[in-house]
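I have placed the structure first, in the form of structure tokens, so that the comments after it can refer back to it.
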Amino acid sequence: MLDKTFDPKAIEEKHYQDWEEAGVFACDPNSDKVPYTVMMPPPNVTGSLHIGHALNHTLQDILIRYNRMKGKDALWQPGTDHASIAVHMVLEKKLHEEGTNRFKLGRKKFLEKAWEWKEYSGNTITSQLRRLGTTPDWERERFTMDEGLSKAVLKAFVKLYEGGIIYRAERLVNWDPERQTVISDLEVIQKEQKGKMWHIKYPVEGDVEQFITVATTRPETMLGDTAVAVHPDDARYKDMVGKSVVLPITGRMIPIIADEHSDPEKGSGAVKITPAHDFNDFEVGQRHNLQMISILDEHAQLVKEDFIPKEYQGLDRYKAREKILHELEDQDLIVEVETIKNTIPVGERSGVVIEPFMTKQWFVDTPTLAKPAAQAVRDGRTRFIPQQYENMYFAWVDNQIPWCISRQLWWGHQIPAWYDKDGNVYVAENEEDAQKQAGAGVTITRDDDVLDTWFSSALWPFSTIGWPDDTAELGRYFPGDALVTGFDIITFWVSRMMMFSLYIMDDVPFKDVYIHALVRDAKGQKMSKSKGNVMDPIDLIEQYGTDAVRFTLCAMAAQGRDIRLADERLQGYRNFATKLWNASRYCEMNDCLSHDGFDPSTAQYAPNQWIIHEVKAAAQEISQAIEGYRFNEAANAVYQFVWGTFCDWYLEISKPLLAKDSKAADEVRQTTSWALHQILILLNPFMPYITEELYAGFFKKDADDRLITAAWPEYSDNLSNEAAKTEMEWLQTMVGEIRSVRADMNVPAGAKIALLIKGANAQTQSRIESHKDVICKMARLSDISLTENVPAGAVQTIVEEATLILPIADIIDLDEERKRLTKVIGKLDADIQKIDAKLGNEKFVKNAPEEVIEEQKSRKEEALAKRTKLEQAVKQLQSA
RNA sequence: GGGCGGUUAGCUCAGCGGUAGAGCACUUGCUCGACACGCAAGGGGUCACAGGUUCAAUCCCUGUACCGCCCACCA
């Protein structure tokens, strides 16, 4: 006998081990089944999983389990990402605490530590995923820096280089002066802050009285100014264009140029141009062939060069700013200091203010790659679900700027480029090939830098299944069926997989991209480690059990809406697990655990025919919802069916049938068992543990028989039975009506009443005949009989054509009953009036579809008939 | 500045051209032999606001307000 309460902890580990040992997660490249592929977004090896991962992996697991049960050869490809810069953050913080840094430690030792960390973190993540009950093909687990994927990275780099897609160039990039590396545009976030704007006078050449005022938030960069720009149409400055100004402090002469970048509306209409330290100014510099003066080094300190005044050399950028402001003030060159709100670029991970910086870096020509990537989505070869996310994708992909892929870090894929002493570049998969290119005897050294993390993850959909080798898996599982991910990495990852996949594989990487909600904290904020508002899914699992956590996430995963996780929901779905547990317990107690040889299509009794019909309907609803990625609907459908239909009605109906040892009892036992079995299957993708446990206890045939590998049900048409459904809906209305009247009239719950029915037609009479026991039990009646005479002071209610009469004048308040009846009649009148208004509207009758009009008419008929009967009831009450 | 979402019961959220839904919370009654993590019956909503389309609008269109996000800009 099962315990009264379900204890998730007692069973989860046991089943997971059993599944894994049985090898049921594995795909089979030699199988003749239809393949179904989901590529797991590889979690970063930077610690542990958060609740967003739990959602992401739960949804993928539901898809995988469902398709596996549908008889497909399911591949869920797992793995982890090396997360170059994020791991650097973790390790460098540790080193800092130990009083050292990566440069003192050296590259080799640092990488050893990184690999140690990877082992530790990777194991944490995979064990957490196991606790979530997820079923990827662990045997195939990959890591973005393992041997095979590293080979793929080299191959891809060389191919892209040879195709002219990867190139090296000197550009202005986003420099993180603390991490000492370039970062991509996407890794820069704009942070709003209170700042100051200084309006500074630049003296015009040859005229001590004349000045041009420029405004800036970064006065220190004036040391690198190489022009002042005004708008070509700006009358104020027309005469000045072509002249020069004397740059204060340095005394350098810089030209006044005309460029549309300058906005006459803003400030004085003149703007200082510092091409080496501002992205817009860089563009202006290009247009006017201006000199570029880099005044900062990689630490964001002023360089020790002659064009920087001695006393400024080596100063930190902010110290330099103060000093410059002092000096300008002394020279009376500051016109105004304005307090403004502005945004400053900050490194997403380091939090340090980013410096635009001139360096030579490697780039991917994403503007070229993006075109086919955009087209593939426009053509529908890859579709986004929900579709609205296509906008986000297009917004990004249609406005590509070259992707800087080199990083001055150590943990990652070292760039396969070698240089000779003259700076010639040799790109090859290995040093031998590079040497061959360079020629014997030429000394070559490899580029120190590594690739942006997203370079290797962009190859994930094919590198994990063998590329560049021509493996069976590659042919079979590429392109994938579904990618499940959050919208926040459409730009980082999805678009880059699309671009690389189309270039390298000449195909899209996946057919569907399902974008799920973001799990937010109580305030609706995005969870992130830096904000410290992450929720640990393992804590929730400890508290509520894995099944409840999974079910909650699934039930809340409505398309296009974010999730704010609420404790009550988790409790509710934990209760649902307990409900199922107890329903099973009921089945166990009543010997409803066997249906060998039972053919549901031969069921004779209406309640059985009905629940069989309902099982089929629920299964269809669940299947369709999963296939449409409407996870919340799938969860609600199964919840509603199990609790609202099976437990609340079918099991309750079964009680009197089983108690009486009726003719139907045996069929009820088999049907109940069958239905429970179906429920376990249908619920398994959502709640894998409790269903597997119950299955093991009740239906397991042999050691190799598991629910996880059960076939998803396909029911034949002859299981549908509309007649039984109608009949049982009538029964539910009967019971509901009586219960409702009893409660309204405060009839003691224990009082058993003899129900009289007036005006029942033949069908109703026969239905009463067959379901008398059930109705009596459920509505707490002692008997049901037909009558034509209404006893005085009886309570009456109407079900279809029949009037139900409860002769309980002695235990109720007749005034109350009169009020109740009047209220019901009032409602009917309101309904009738509404319908009359519609039917009286010529336009409605002319334009509305026939069936709508008919529906209104029949609804009116019904209401009228009911009202007539109720009015009679009121009269009879009066005469009592 | 451009774009995308959201605004529905006290709370968290579904839904969607033809009489407003769920879970939780709330009220009332239940030791009805599976389950109080339960059973039964209830109360509770001008579906943000203003216009428009339609026989009919919570749903479609336009606009407004507030909230959130994405992209860009910010001398």
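First the proteins, then the strands, lettered A, B, ... as listed; each starts at 1. Hydrogens, waters and symmetry mates are skipped; everything else that's a heavy atom, side chains included, is used.
- B:rG44 and B:rC49 have their C1' atoms separated by 23 Å, given to the nearest Å.
- When the C1' atom is used for both B:rC24 and B:rC37, the distance is 13 Å, rounded to whole Å.
- The aromatic rings of A:Tyr573 and A:Phe576 lie perpendicular to each other, with more than 60° between the two planes, well past the 30° mark.
- Distance A:Gln856 CD to B:rG18 P: 12 Å, rounded to the nearest Å.
- For the side-chain hydrogen bond (donor to acceptor under 3.5 Å, both in side chains) test, residues two or more places apart in sequence or in another chain that qualify with A:Thr691 are A:Asn684.
- Side-chain contact check for A:Ser495 and A:Trp396: at least one donor-acceptor pair (N or O, by modelled atom type) lies under 3.5 Å.
- Between A:Leu570 atom CG and B:rA25 atom P the separation is 14 Å, expressed in whole Å.
- With values rounded to the nearest 0.5 angstrom, A:His199 atom NE2 is found 9.0 Å from A:Thr213 atom OG1.
- In this structure, the side chain of A:Arg236 engages the main chain of A:Pro264 through a donor-acceptor pair within 3.5 Å.
- Taking atom P on both B:rG63 and B:rG3, the two are 10 Å apart, rounded to the nearest angstrom.
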### Query
Using Watson-Crick and G-U wobble pairs with both distances under 3.5 Å, what is the 5'-to-3' dot-bracket string of RNA chain B, with [ ] for crossing pairs and | for pairs outside the strand?
(((((((..((((....[..)))).(((((.......))))).....(((((..]....))))))))))))....
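- Within 4.0 Å of A:Arg859, counting heavy atoms only, lies at least one base atom of the nucleic acid.
- Looking only at distances, a side-chain donor or acceptor of A:Arg669 sits under 3.5 Å from a matching main-chain atom of A:Asn590.
- No donor-acceptor pair closer than 3.5 Å links the side chain of A:Gln856 to the backbone N or O of A:Ile853.
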Could you list the protein-to-nucleotides 37-41 of chain B atom pairs, N/O on both sides, closer than 3.5 Å?
{"unit_1": "B:rC37", "atom_1": "O4'", "unit_2": "A:Asn575", "atom_2": "OD1", "d": "2.9"}
{"unit_1": "B:rC37", "atom_1": "O2", "unit_2": "A:Arg574", "atom_2": "NE", "d": "3.3"}
{"unit_1": "B:rC37", "atom_1": "O2", "unit_2": "A:Asn575", "atom_2": "OD1", "d": "3.0"}
{"unit_1": "B:rC37", "atom_1": "O2", "unit_2": "A:Thr578", "atom_2": "OG1", "d": "2.6"}
{"unit_1": "B:rG38", "atom_1": "OP1", "unit_2": "A:Asn575", "atom_2": "ND2", "d": "3.0"}
{"unit_1": "B:rG38", "atom_1": "O3'", "unit_2": "A:Lys579", "atom_2": "NZ", "d": "3.1"}
{"unit_1": "B:rC39", "atom_1": "OP1", "unit_2": "A:Lys579", "atom_2": "NZ", "d": "2.8"}
{"unit_1": "B:rC39", "atom_1": "OP1", "unit_2": "A:Trp643", "atom_2": "NE1", "d": "2.6"}
{"unit_1": "B:rA41", "atom_1": "O3'", "unit_2": "A:Ser740", "atom_2": "OG", "d": "3.4"}

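- Nucleotide B:rG5 holds its P atom 15 Å from the CD1 atom of A:Ile515, rounded to whole Å.
- At the heavy-atom level, A:Gln640 lies nowhere under 4.0 Å from the strands shown.
- Distance check on atom C1': B:rU64 versus B:rG6 gives 16 Å, rounded to whole Å.
- Comparing A:Tyr573 and A:Lys823, the nucleotide of RNA chain B nearest to each residue sits closer to the 5' end for A:Tyr573.
- Looking only at distances, no side-chain donor or acceptor of A:Asp278 sits under 3.5 Å from a matching main-chain atom of A:Thr274.
- Summarising the geometry, the separation between CD on A:Glu851 and C1' on B:rG18 is reported as 10 Å, rounded to the nearest angstrom.
- If you measure from atom CD of A:Glu588 to atom C1' of B:rC35, you get 14 Å, rounded to the nearest angstrom.
- Residue contacts shown for A:Asn280 are limited to sugar-phosphate atoms, with no base heavy atom under 4.0 Å away.
- Atom-to-atom distance recorded for A:Ile835:CD1 and A:Lys860:NZ is 8.0 Å, nearest 0.5 angstrom.
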Could you list, one pair per line, each protein nitrogen or oxygen that sits under 3.5 Å from a nitrogen or oxygen of nucleotides 53-57 of chain B, together with the distance?
{"unit_1": "B:rC55", "atom_1": "OP1", "unit_2": "A:Asn847", "atom_2": "ND2", "d": "3.4"}
{"unit_1": "B:rC55", "atom_1": "O4'", "unit_2": "A:Lys843", "atom_2": "O", "d": "3.4"}
{"unit_1": "B:rC55", "atom_1": "O4'", "unit_2": "A:Asn847", "atom_2": "ND2", "d": "3.4"}
{"unit_1": "B:rC55", "atom_1": "O2'", "unit_2": "A:Asn841", "atom_2": "ND2", "d": "3.3"}

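- Shown here are the side-chain hydrogen bond (donor to acceptor under 3.5 Å, both in side chains) partners of A:Glu816, two or more places apart in sequence or in another chain: there are none.
- Looking at heavy-atom distances under 4.0 Å, A:Ala577 makes no contact with the nucleic acid at all.
- The same atom, C1', is picked in B:rA20 and in B:rC66; the two are 24 Å apart, to the nearest Å.
- B:rC71 atom P lies 12 Å from atom CG of A:Asn399, rounded to whole Å.
- Counting atom types as modelled, A:Arg780 pairs a side-chain N or O with a base atom of B:rC32 as donor and acceptor under 3.5 Å.
- Rounded to a whole Å, the NZ atom of A:Lys827 is 6 Å from the P atom of B:rG43.
- Residue A:Leu651 is the one, among A:Asp263 and A:Leu651, whose nearest nucleotide of RNA chain B lies closer to the 5' end (criterion: closest heavy atom).
- At the heavy-atom level, A:Lys834 lies nowhere under 4.0 Å from the strands shown.
- Listed nucleotides: B:rC35, B:rA34, B:rU12. Nearest to the side chain of A:Arg569: B:rU12.
- Counting non-hydrogen atoms under 4.0 angstrom, A:Ala395 reaches nothing in the nucleic acid.
- For A:Asp831, there are no side-chain hydrogen bond (donor to acceptor under 3.5 Å, both in side chains) partners, not counting sequence neighbours.
- A:Lys4 contributes no side-chain N or O that forms a donor-acceptor pair with the base of B:rA36 under 3.5 Å.
- Taking atom CZ on A:Arg585 and atom P on B:rG33, their separation rounds to 13 Å, with Å as the unit.
- Looking only at distances, no side-chain donor or acceptor of A:Asn746 sits under 3.5 Å from a matching main-chain atom of A:Ile812.
- Rounded to whole Å, the separation between the P atoms of B:rC47 and B:rC11 comes to 16 Å.
- Not less than 6.0 angstrom separates the ring centroid of A:Phe384 from the ring centroid of A:Tyr389.
- Within the cation-pi definition used here (under 6.0 Å to the ring centroid, within 45° of the axis), A:Arg569 does not qualify as a partner of A:Tyr544.
- At the heavy-atom level, A:Ser262 lies under 4.0 Å from base atoms of the strands shown.
- B:rG5 and B:rC39 have their C1' atoms separated by 41 Å, given to the nearest Å.
- Look at the C1' atom in both B:rG15 and B:rG45: the space between them is 14 Å, to the nearest Å.
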